[in-house]
Number of protein chains: 2
Amino acid sequence: MHTLAPTYANETGPPDELPERLPEPAVDEIRLERIMGVLAEPLRLTIIQKLLLSSEDFDQTCGWFGFDRPKSTLTHHFKALREAGVITQRQYGLERRSRVRLEDLNTRFPGLVDLVLDWRADAG
Amino acid sequence: MHTLAPTYANETGPPDELPERLPEPAVDEIRLERIMGVLAEPLRLTIIQKLLLSSEDFDQTCGWFGFDRPKSTLTHHFKALREAGVITQRQYGLERRSRVRLEDLNTRFPGLVDLVLDWRADAG
DNA sequence: CGCCTAGTTCGAAACTACTCGTATCAGTAC
DNA sequence: GTACTGATACGAGTAGTTTCGAACTAGGCG
């Protein structure tokens, strides 16, 4: 079991029991064309959809998704998603857990999340 | 003035006073990841937005948009949009006119068009 | 016929993205 | 200490995109 006790390295706001967020764009810095580009990848679309369908209350680790791909590939895609503003990543000890920035996305691009939820990898 | 009289080269359905459509995916062949990829380009996003904001009753020529780019570049982007299923193109004599597949998009991906409409090239 | 127009096709250069192997790091357990 | 774990960073190969110039096509006009 990993530690759930967070480390507040560069804690700025009031402690919310969660580790700090990795670098990501602010809400008003999120750009639609970036989101579009990042969601053009079936694997990334799958990641977001799985995250959305899982309980919103828990962040998920890279390995939770069960993709049969090298770790370096997965790191690459998660980083792309985070830098585009689609997900937040937090460091829980050894693990890096991801969660969709649901509120931010719904504020900036209402309807976008539903598109991902309705997506089907096979016949789309 | 260009001719508005259509040529029904491979007319299949009832004549609707329009020239035939250039090859494009059927509604159920349109794939979200393809749409996303094609709308990751600011120029293409601009094209679709301009088309949506113009009168829906008229298709627009390539030149109507007033982009200061070589014609081959524009051809490339319009083709990408058409092959992804975002626009329809019809050949009016010399001109090739484009129109957003509004109904198809709203059917398959409700909310998508609004994302493009709300987009701002500068800070949006 | 030649010329203009609106657009295509081809090809090449520059750039970007995806994939992955390898090396590495920081905790945890023994 | 060693080994394992969950992940990162670097670098290389491959593939795809963007951009554009140059050559071309087809229709209309004089």
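To find a chain, count down the sequence lines: A is the first, B the second, and so on, and within it residues start at 1. What you see is a predicted model, and the numbers here were worked out from it, not measured in a lab.
Atom CD in Glu95(A) sits roughly 14 Å away from atom C1' in dC4(D) (whole-Å rounding). Atom NZ in Lys71(A) sits roughly 15 Å away from atom P in dC25(C) (whole-Å rounding). Rounded to whole Å, atom P of dC20(C) lies 15 Å from atom CZ of Phe78(A). Atom C1' of nucleotide dC29(D) and atom CG of Leu94(B) are separated by 12 Å, given to the nearest angstrom. Between the C1' atom of dA6(C) and the CZ atom of Arg90(B) lies a distance of 19 Å, rounded to the nearest Å. In this structure, Leu22(A) places its CG atom 8 Å from P of dT8(D), rounding to the nearest Å. At whole-Å resolution of the value, CZ in Arg82(A) and C1' in dT8(D) are 11 Å apart. In this structure, Lys79(A) atom NZ and dC10(D) atom P are separated by 8 Å, rounded to whole Å.
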**OP:** Kindly determine whether Leu51(B) and Phe65(B) satisfy side-chain contact (heavy atoms from CB on, under 4.5 Å), including the steps that lead there.
**Re:** CA-CA 9 Å; Leu51(B) 274 179; Phe65(B) 296 86; 3.6 Å; yes

**OP:** Please report the C-alpha distance between Val27(B) and Arg101(B) in whole Å, then the side-chain angles of each, then the deciding distance to 0.1 Å, and finally whether the side-chain contact (heavy atoms from CB on, under 4.5 Å) criterion is met.
**Re:** CA-CA 9 Å; Val27(B) 194; Arg101(B) 293 174 65 175; 4.2 Å; yes

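Between dG6(D) and Arg96(A), no contact under 4.0 Å exists linking OP1 or OP2 to a side-chain N or O.
Proximity of a side-chain donor or acceptor of Glu83(A) to a complementary backbone N or O of Ala80(A) within less than 3.5 Å is not detected. With hydrogens and angles ignored, the 3.5 Å screen pairs a side-chain donor or acceptor of Gln49(B) with a backbone N or O of Val116(B).
Checking dG27(C), dG7(C), dT8(C) against every side-chain atom of Cys62(B), the shortest atom distance belongs to dG7(C).
Looking at residues two or more places apart in sequence or on another chain, you find no salt bridge (charged side-chain N to carboxylate O under 4.0 Å, His left out) involving Glu41(A).
To the nearest 0.5 Å, atom CD of residue Glu33(B) and atom OG1 of residue Thr46(A) are 8.5 Å apart.
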Under 3.5 Å between N/O atoms: give me all the protein pairs with nucleotides 17-19 of chain C, atom names plus distance.
| from | atom 1 | to | atom 2 | distance (Å) |
| --- | --- | --- | --- | --- |
| dC18(C) | OP1 | Arg44(A) | NH2 | 2.6 |
| dC18(C) | OP2 | Arg44(A) | NH1 | 3.4 |
| dC18(C) | OP2 | His76(A) | NE2 | 3.3 |
| dT19(C) | OP2 | His77(A) | NE2 | 2.5 |

